[in-house]
Structure formats: structure tokens, C-alpha cells
Amino acid sequence: MKPTMYTYIKEQAHVLPDILAKRAEIGKQFSEAFRQADYKRLIIVASGSSYHAAVSARYFIERTLKVEVQIKNPFPFTHYETQFGEDALVIGVSQSGRSTATIESMQKAEERGLVHAAVSASPASDFVQNSKYPVIVPCGDEKVGYVTLGYTSTILTLQLMVLECALQTGRIEKDSYDAHIRDFEHALRHVDDSIAAAEAWYENNREAFLQAERALIVGYGPNFGTALEGALKVNETVRFAANGYEFEEFLHGPFLELNEKSYVFLISSEGAGEERMDRLQAFLRTVTQHVYKIGHGEQNPAEPRDMAIQAGESEWVSPLEYVIPFQVLAHRLSADHNIDVHTEKFPTFNEYVNFKKE
């Protein structure tokens, strides 16, 4: 039987703990890079889900490794940006190892004399083989193009490689390292629970979801990346307009488009924006009844529009959990709209416009 999107959603419960167990090997090459030079900045270059994974991992990386993190798209990095500094380590992220734009950006980094690392689930790819510091995402080959397992595996790999590096280079104490590991273990124990809760949440709201023609997803902190990824999953699978917004940016104009037909998904993780997100939810429900909150704690049976994640105390680890409802939403809603995301072949941009590089 061919794997489906749901196959990989379910595999997260088994693969992610295995990645955690392999953390020493995952962090080996990255730690070696930091032994060679005292880098002050990381420049992460990625597209699509890999970009969103970097956004979700960013604050954990900064707090753990105590360096500035910049996240860039490959095209402007390659063709427009010029100022990088010698204290920067460039990290290209491509789950498949086949992202031509990211590969080009690593070639450009080398031309500029910048040291670069490659993070990928494809160890045999030229992207990895040509990197001085390869980091393998040990999740295997995800055969459904609209990635789920690869997304969370990439977040976790980015987090673990810097956590190991921070320990090896003395940037954190062993007690802090152990506390982070406990946070990961707690989150990963509840992956199956979160999938089951997301399934129930979808069933409770299925008829309303089937009427949606537009979605806005709002998050803050590490879960801004979750909002971006959730929107992309809906774009890719359900094929209607969806946008991910950072909380404050949503309040600076985008909310003005809302009406009674709008569908808004709020990611209310533990953190600086939680109390304001509750107030935003109350306001938005005066505009539209289609406001759905992904929060934490106990599920309120009187409010089926909201879903509770069995989250731990670490906001920085929470993107591994909070993306699951959007993965399930994309899988279930595309199926209910009779969109086959598993066997259909859509052309690439180059194929679509018959574009060839000279």
C-alpha cells in the first residue's frame, strides 16, 4: 500500500523520539564547525516548509547557542544581498536536497568565502555531499510531496544540532541541557494524543470547514512559523487562499478584511502573546463565528471550535505540537473535497511555463 499524507503524520510519534535519541550524532558536524571558528551569527537559507521550520526553531537556537540568527530566502541571498561578515556561518536547509535555489545559494556562499553547512534528509544528494559540515535529518524519504514528518523532523534536527553544539562548546551547562531534553521528551510523548485530538476537532467542525474558502492563521513567537506552515499546507492541499500572520502584523491591517464568512485560526501557545490572543479571539467572534483557537490545557467540551494541545512548559519546543492540527486539517479537508494529493502530478514552475535557463 502506498503511503499517504496521514501515514507520515502518524509516523511523527515514532520517528521524532528516534531523532531525539540520535542527537549526539546529529550535532557532531555542527559542533565541529563551531570548534573551528567563533561564529557570532547564523544565516539560515531555505524555502517553503524548510524556511518555516527555521522560523519555528529560531528563538530556541538564539537562546541556546547565544548567537544572532537570520533567516533568508535563497533568491535574494544569491542575487541581491552583499553584506554578510566573516563571523557568519551559513546553513542551507533542504529536506529533499534538491532545492535548486538553496543549492545555488550555497554555491554563492562558497564563492563569497563563507563557510556553509547543509541540513537535509537526503545524505546521498550533491547538496549534502558538497557541504563541509553536513547535518542529516534522520526521517527517511517522505514520498508525499506535501511534507509533514519532514517538517517537524527538520525543526527538531535544527534544535538538537545547536543544543549538542552548545553543550560541547560550553555555552550551556549540563543541567540546562538536561532540562531541554526533558521538554522534548514531554512534547514527543504526546504526539499521538495531539493527532487524536486534532481528528476529533476536525470531526466536530467538519461541516463548517467544508464551507471555508479563505483562511487566516495567526501565531506569535516560535509559532509564527507554525502559522506560515499551516497556511502553506492549506494552499498546497485544499487549494484555496490561506495566509499566515505574525500576531502584531495581523493587527496592523489584515484583520480589516474580515467579515462573517472569514475563517480565522489562532495559535495560542504559552508565551508573551497568550493573554492578548484570548482578547483577540473574543473580539473576532463579534465579526465571524468561524474563529478556531489552538491552545493548551484541558479541552473545553462546551466549545468545539477550540482545540487543546497537551503541551509542556517550553514555548520553544511547542511548534512540534502546534503544527499537528493544521497537518490533520490539510489531510482531511483535501480528502473531503475529493482532492487526491497522493497520486496527482502537478508541473513544476519551470515545466508550467516551459522555461529553460540559457
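Quick note: residue numbers are just sequence positions, from 1.
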Rounded distance (nearest 0.5 Å) linking atom [atom1] of [X] with atom [atom2] of [Y]:
{"X": "Glu68", "Y": "Ile61", "atom1": "CD", "atom2": "CD1", "answer": "12.5 Å"}
{"X": "Ser268", "Y": "Met307", "atom1": "OG", "atom2": "CE", "answer": "13.0 Å"}
{"X": "Ile294", "Y": "Ile324", "atom1": "CD1", "atom2": "CD1", "answer": "11.0 Å"}
{"X": "Arg63", "Y": "Ile172", "atom1": "CZ", "atom2": "CD1", "answer": "14.0 Å"}
{"X": "Asp183", "Y": "Glu315", "atom1": "CG", "atom2": "CD", "answer": "12.0 Å"}
{"X": "Thr102", "Y": "Tyr51", "atom1": "OG1", "atom2": "OH", "answer": "12.0 Å"}

Heavy atoms, side chains only, cut-off 4.5 Å: are [X] and [Y] in contact?
{"X": "Ile217", "Y": "Asn243", "answer": "no"}
{"X": "Leu333", "Y": "Thr237", "answer": "no"}
{"X": "Phe127", "Y": "Ser122", "answer": "no"}
{"X": "Glu321", "Y": "His296", "answer": "no"}
{"X": "Ile91", "Y": "His116", "answer": "no"}
{"X": "Asp87", "Y": "Asp38", "answer": "no"}
{"X": "Phe283", "Y": "Phe255", "answer": "yes"}
{"X": "Leu156", "Y": "Gln159", "answer": "yes"}

query = Going through the checks in order, is the side chain to side chain contact (heavy atoms under 4.5 Å, CB included) test met by Asp192 and Lys10?
reply = CA-CA 7 Å; Asp192 268 334; Lys10 290 290 289 181; 3.4 Å; yes
Quick check on [X]: does its [atom1] atom have over 12 non-hydrogen neighbours (other residues, nucleotides or ligands) under 6.0 Å away?
{"X": "Gln70", "atom1": "CD", "answer": "yes"}
{"X": "Lys72", "atom1": "NZ", "answer": "yes"}
{"X": "Gln36", "atom1": "CD", "answer": "yes"}
{"X": "Arg112", "atom1": "CZ", "answer": "yes"}
{"X": "Glu298", "atom1": "CD", "answer": "no"}
{"X": "His252", "atom1": "NE2", "answer": "no"}

key: Trace of the side chain to side chain contact (heavy atoms under 4.5 Å, CB included) decision for Val90 with Val45   = CA-CA 7 Å; Val90 179; Val45 185; 4.0 Å; yes
Any donor-acceptor pair under 3.5 Å from [X] side chain to [Y] backbone:
{"X": "Thr288", "Y": "Ser262", "answer": "yes"}
{"X": "Thr152", "Y": "Leu149", "answer": "yes"}
{"X": "Asn259", "Y": "Lys261", "answer": "yes"}
{"X": "Lys66", "Y": "Arg171", "answer": "yes"}
{"X": "Ser50", "Y": "Ala46", "answer": "no"}
{"X": "Thr7", "Y": "Thr4", "answer": "yes"}
{"X": "His342", "Y": "Pro3", "answer": "no"}
{"X": "Glu104", "Y": "Pro74", "answer": "no"}
{"X": "Asp306", "Y": "Asn300", "answer": "no"}
{"X": "Gln12", "Y": "Ile9", "answer": "yes"}

Salt bridge between [X] and [Y], side-chain N to carboxylate O under 4.0 Å?
{"X": "Lys233", "Y": "Glu236", "value": "yes"}
{"X": "Glu32", "Y": "Lys28", "value": "no"}
{"X": "Asp18", "Y": "Lys22", "value": "yes"}
{"X": "Arg206", "Y": "Glu203", "value": "no"}
{"X": "Arg285", "Y": "Glu303", "value": "yes"}
{"X": "Arg214", "Y": "Glu257", "value": "yes"}

query = When you check the side-chain N and O atoms of Glu142 and Thr148, is any donor under 3.5 Å from an acceptor?
reply =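 Looking only at side-chain atoms, Thr148 and Glu142 do form a donor-acceptor pair, the distance falling under 3.5 Å.
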message = Run the salt bridge (charged side-chain N to carboxylate O under 4.0 Å, His left out) test on Glu185 and Arg182 for me, step by step, so that the C-alpha distance in whole Å, both residues' side-chain angles and the decisive distance to 0.1 Å come before the verdict.
response = CA-CA 5 Å; Glu185 289 173 341; Arg182 288 193 294 271; over 6 Å; no
key: Verify same cluster id: Ile43, Phe75 (apolar side-chain graph, 4.5 Å)   =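 No; tracing contacts between hydrophobic side chains, which count when under 4.5 Å, never links both residues.
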message = If hydrophobic clusters are built from ILVMFWY residues whose side chains come within less than 4.5 Å, do Leu284 and Ile267 share one?
response = no
task = Please step through side-chain hydrogen bond (donor to acceptor under 3.5 Å, both in side chains) for the pair Ser269 and Glu274, ending with a clear verdict.
result = CA-CA 6 Å; Ser269 55; Glu274 186 176 7; over 6 Å; no
task = Assess whether side-chain hydrogen bond (donor to acceptor under 3.5 Å, both in side chains) is satisfied between Ser56 and Asn223, documenting all intermediate values.
result = CA-CA 6 Å; Ser56 285; Asn223 283 298; 5.6 Å; no
remark   = Given the options Phe60, Tyr39, Phe30, Leu65 meets side-chain contact (heavy atoms from CB on, under 4.5 Å) only with Phe30
Trp316 ring center near Phe184 ring center (under 6.0 Å) = no
key: Result of checking Phe326, Phe265, Tyr202 against Tyr292 for ring pair (Phe, Tyr, Trp, His ring centres under 6.0 Å)   = Phe265
request  = Provide the closest heavy-atom pair for Ala118 versus Ser131 in the form atom of the first, atom of the second, distance.
outcome  = N-OG, 3.2 Å
message = Could you go through Gln310 and His190, starting from their C-alpha distance and side-chain angles, then the distance that decides it, and tell me whether this counts as side-chain hydrogen bond (donor to acceptor under 3.5 Å, both in side chains)?
response = CA-CA 7 Å; Gln310 297 299 311; His190 291 285; 5.2 Å; no
inquiry  = Between Glu248 and Arg276, does the side chain to side chain contact (heavy atoms under 4.5 Å, CB included) criterion hold? Intermediate values first, please.
reply    = CA-CA 10 Å; Glu248 196 68 31; Arg276 293 185 73 206; 2.8 Å; yes
Tyr6 and its side-chain hydrogen bond (donor to acceptor under 3.5 Å, both in side chains) partner, picked from Glu199, Arg332, Glu11, Gln327 =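 In the set Glu199, Arg332, Glu11, Gln327, the residue that makes a side-chain hydrogen bond (donor to acceptor under 3.5 Å, both in side chains) with Tyr6 is Glu199.
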task = Step by step, work out the side chain to side chain contact (heavy atoms under 4.5 Å, CB included) result for Leu216 and Leu258.
result = CA-CA 9 Å; Leu216 300 92; Leu258 301 181; 3.9 Å; yes
message = Do Arg305 and Tyr263 form a cation-pi contact, if we require the NZ or CZ to be under 6.0 Å from the six-membered ring centre and within 45 degrees of the ring's axis?
response = no
